[in-house]
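Just so we're on the same page: letters track the sequence lines, and every chain starts at 1. No hydrogens, no waters, no symmetry mates; every other heavy atom, side chains included, goes into these values.
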Amino acid sequence: MIKPLSLPWPAGSTESAEAEPRSILAWFAIAGQLALFIALVHLLRLETNALVRVLIVALAGWCVHYFLPLRYRLPFFALLSFAAIAAVFANLGPNWHYWRFEGLIDAAWIVVIGLVLIEITGLPIAFGWRVLALVGAGCGLAAARMDWIATPWTRAVWPVLASMFMFRLIVYTYEIRREQKRATLSERLAYFFMLPNVCFPLFPVVDFRTFRSSYYNADRHYIYQTGIQWMFRGAIHLIFYRLVYQRFVIDAADVSNQVDLVQFLIWPFLLYLKVSGTFHIITGLLRLFGFNLSETHNLYFLSSSFTDFWRRINIYWKDFIMKIVYYPFYFRFRRWGENVALVSATLLAFLATWLLHNYQWFWLRGTWVFTWNDFLFWMILAVLVTVNALHEMRHGRTRRLPGEALSWNAALHTAGRTIGVFVVISMLWSFWSASSVPQWFSVFDTVGVEGPGKMTPVLVLLTVAAVIGIPALVLARGVADHQYSFGRSVALVSVCGSIAVCISLPGVRDRLGETVSTAMADIRMPNLNTRDKANLERGYYENLVNVGAFNPELWIVYGQRRSEEWKDLEKTPLSEYTGALPRTYLRPLSQADYRGTLVHINRWGMRDQDYEKLPSPGTLRIAVVGPSIIFGAGVADDETFEGLLEQRMNEQAADSGYRHYDVLNFGVGAYTALDMLAIIEDRVLAFKPNYIFYFEHGALIPRMLDNLIIAMQNGSAYRYDFVRDIVRESGIDDRADPEVLKRKLTPYGERLLRAIYSRIVETAKRGGVGAFWLYLPRVDESSSPEVERRLAAEAGFNVLDLSDVYDGYDWRTLVVAPWDDHPNAAGHRLIADRLYEVLRQHRDLIPLNLAAAPRKEGQ
Amino acid sequence: MNAIQIRTMTRDFILKEFLPGERPENLTDSTELITGGILDSLATLKLVAYLEKSCGIEIAPYELVQENLNSVALIADFVQSKQAST
């Protein structure tokens with residue numbers, strides 16, 4: 001807490017603020033800290049590019065705003081908010097090549113629709129008619145949101161417009177019925193078009209009365225500096241979020257002991273750091289323009305009761321529900337007694353919260369989400385809060401004044417309750433985020449840790465208890481109630497911010513050792529593999545915060561994605577679904593745009609040039625099978641590594657003893673081991689290859705199980721004896737929930753893979769074909785597939801390793817796009833070069849007679 | 001009932017119900033009650049019931065806001081204005 005520079009004055013007293021002295025030093029200090037914050041967000045890519053643009057607008061605006069007389073500040077803030085909408089939608093930035101003037105049309109529509117809605121609230125007609133007119137306008141917009149009515153604006157408009165109006169209109173309408181002093185135009189515009197909303201759609205609720213009454217109601221340097229502190233705190237939340245996101249997420253299928261179980265139960269709640277971080281940044285940003293709003297998400301991991309959790313987490317939402325639902329119903333029911341009123345109003349408040357979360361989902365995403373997890377989550381929380389509230393009503397709760405300490409006994413009790421609340425809320429949150437109710441319950445059949453590590457679960461639980469309990473104890477003893485002066489706060493933020501910015505600079509972080517460098521890469525890179533993404537996107541907030549997951553148009557506006565559709569291969573005309581194994585084939589002679597390039601498929605269903613079915617005499621033929629890297633996702637037809645390899649081999653064919661080399665590309669995106677076995681048996685061998693190159697990258701077994709479950713449920717997996725054997729032995733019911741099936745199949749993962757590999761090798765041998773297993777990592781892959789490698793060797797594959805293929809290169813320069821870690825054209829050239837060398841070095845295994853040809857210019 | 005009486009009875013009620021054991025001098029007329037975490041929703045409802053009963057006023061749900069209840073001084077002003085209007 002910062003010690004105010006002067007005493008607060010009553011709201012509405014403008015004279016004091018007008019007379020407030022200006023300080024150039026304070027101006028420099030705050031502008032400098034804001035610049036540091038922008039540098040940190042940019043260097044660590046903590047949020048979208050849209051936030052950086054909004055922050056730059058905010059910094060430029062704030063530098064002027066500081067010197068304006070109070071009466072001009074609010075209109076200036078409203079204009080700045082419009083400027084931010086234009087800057088984000090037109091993608092304005094230093095590089096004018098990226099400007100999108102067509103985006104200004106969307107920006108203009110947001111303003112026009114908003115002004116019409118605000119105007120309806122002020123129509124000179126009876127209040128009831130105004131409400132009816134608003135409901136009518138809302139229904140019209142809802143029809144457009146559901147695409148029943150064509151609109152002249154793109155879908156990018158909806159989340160931003162919704163965040164500004166879906167709840168604020170309710171709050172504003174509630175207030176105008178009783179307002180004694182009509183809000184000015186500037187107040188209304190500032191309230192609805194609030195600056196941060198254009199890049200943070202998940203910040204819809206602010207109380208209008210608080211928004212007005214908190215405006216410059218305290219020393220302005222205090223308000224500004226607190227805002228800066230909150231913004232940096234928000235950045236810390238986002239950094240921890242990224243670390244959790246990259247390192248702590250575990251899938252239900254991978255839970256095999258109690259330590260995994262603890263991890264599985266905790267990570268969904270920890271991911272809420274993303275929401276709390278953005279809320280801190282938003283409220284901090286608003287404080288920079290004089291809105292002395294209350295602190296939200298204040299130490300919510302340290303809630304000492306369920307009612308305390310409800311009060312701490314999103315207080316703007318809590319205040320909204322209290323005002324609109326809880327208090328009115330409580331007052332209506334209290335004639336039947338205090339307890340009846342309390343229970344009824346609390347349950348109705350949570351029911352409204354559930355319904356309004358669905359309403360929010362609709363406006364942000366355009367669909368409805370009614371799931372049992374969602375409903376049960378809110379109802380269980382309602383029961384917990386109600387029971388807690390009844391207890392507090394009867395017995396009171398322990399409170400303390402700021403600066404005062406609880407007794408050791410009371411503080412220890414508080415710490416103990418805090419640990420308990422954290423555990424229960426974590427469990428509830430993981431339940432909310434689970435893909436299904438049966439999947440969540442299935443993780444509790446986890447076996448214990450055996451052997452020397454059997455005490456590990458206890459130690460993990462004790463660590464969790466200490467991490468939550470000790471800060472709770474410190475808080476209860478009042479140790480954290482220090483008051484810092486303005487100067488100390490500026491110094492602390494500036495020093496810590498400068499250090500963080502320095503560490504984030506590429507030239508510095510790469511010199512700080514592998515641990516720091518890797519951690520920084522985790523923070524900067526928001527991408528996960530497809531499976532983990534699917535896992536994460538089950539959470540309510542993950543689904544709403546991750547704009548890219550639900551609104552590609554807005555994602556483009558945020559500068560995060562190019563305008564090309566970035567679909568999965570299976571959703572393009574290049575692919576045809578088989579309903580069997582392999583689950584898809586490439587459609588012969590098809591062509592389509594795929595991830596920014598035109599892809600052609602030959603008459604045999606390969607992404608390759610045309611070949612005769614049988615090799616010509618003197619030709620050495622290699623068939624490559626593998627997933628999307630082999631297919632060449634994101635690169636042009638003539639840039640795939642198999643094509644480059646073939647070209648290079650043929651350039652030296654004259655000296656090799658072979659007339660020609662054919663390298664046939666049977667790679668298909670999303671293929672895993674079972675699909676590859678099927679395509680080898682059904683198609684590859686018919687082309688009479690001399691060798692089969694089977695490519696793998698990391699984390700194979702979980703992806704293989706996903707595909708196996710689909711194949712089991714459509715019956716196609718049962719063409720293989722080993723699948724039938726495992727199903728029979730395990731007693732698995734293939735009609736069960738896929739997530740439950742995956743958990744049950746996970747212990748059989750190695751056995752399945754061994755069986756698949758053995759069958760591929762046996763099949764190849766019968767056809768007189770050499771079988772090679774090659775490890776080719778994804779560009780940002782850090783793990784090595786030791787299990788898969790061992791199984792491949794045991795099955796009889798010749799194992800080759802390309803794990804060092806990207807060594808010496810910054811992997812960020814080798815990916816197709818920041819959101820897609822497939823290798824780009826440069827990456828494919830590296831793979832072709834390295835593969836050529838590996839094949840040449842292993843002439844004992846594979847006598848291709850390759851020459852040590854110098855690399856071609858430009859490769 | 002004058003402002004001083006209302007402040008005294010309000011302070012006494014808050015100390016007894018919500019801050020037992022606290023030294024009375026620590027709760028001043030300007031101590032922040034809602035933003036300071038003393039008056040949460042349940043405590044607010046208890047206080048409202050007490051004020052309605054003791055001061056003979058009726059409080060509406062929309063009046064449960066910081067401007068009316070965030071300090072002992074504000075509460076006293078609010079109660080007086082309600083008494084005056086009735």
Exercise. Could you walk me through whether B:V48 and A:Y327 pass the side-chain contact (heavy atoms from CB on, under 4.5 Å) check?
Worked result: CA-CA 12 Å; B:V48 164; A:Y327 285 143; over 6 Å; no
Problem set entry | Point-to-point distance, once rounded to the nearest 0.5 Å, from CD of B:Q66 to OG of A:S294 | 5.0 Å
Problem set entry | A:R334 with B:E52: basic N within carboxylate O range, under 4.0 Å | yes
Seminar exercise, completed: From the list B:D40, B:T35, B:L64, B:I38, the residue making the most non-hydrogen contacts under 4.5 Å with chain A is B:D40
Problem set entry | Most contacts with chain A, counted as non-hydrogen pairs under 4.5 angstrom, among B:G36, B:A60, B:S41 | B:S41
Return the set of residues passing salt bridge (charged side-chain N to carboxylate O under 4.0 Å, His left out) with [X] (not counting sequence neighbours), or none when no residue passes.
X	answer
B:R11	B:D29
A:E338	none
A:R233	A:E295

For this session: Against chain B, label A:M393 side chain, backbone, both or neither, depending on which of its atoms sit under 4.5 Å from a heavy atom there.
Result: both
Exercise. So, do B:L42 and A:L342 sit near enough that their side-chain heavy atoms are less than 4.5 Å apart?
Worked result: yes
Seminar exercise, completed: For residues 15-22 of chain B against chain A, heavy atoms under 4.5 Å, the residues are B:F18, B:L19, B:E22
Problem set entry | Residues B:Y62, A:Y174; criterion side-chain contact (heavy atoms from CB on, under 4.5 Å); working and verdict | CA-CA 9 Å; B:Y62 62 84; A:Y174 180 91; 3.3 Å; yes
Exercise. Which answer fits B:S30, side chain, backbone, both or neither, if we ask what part of it has an atom under 4.5 Å from a heavy atom of chain A?
Worked result: neither
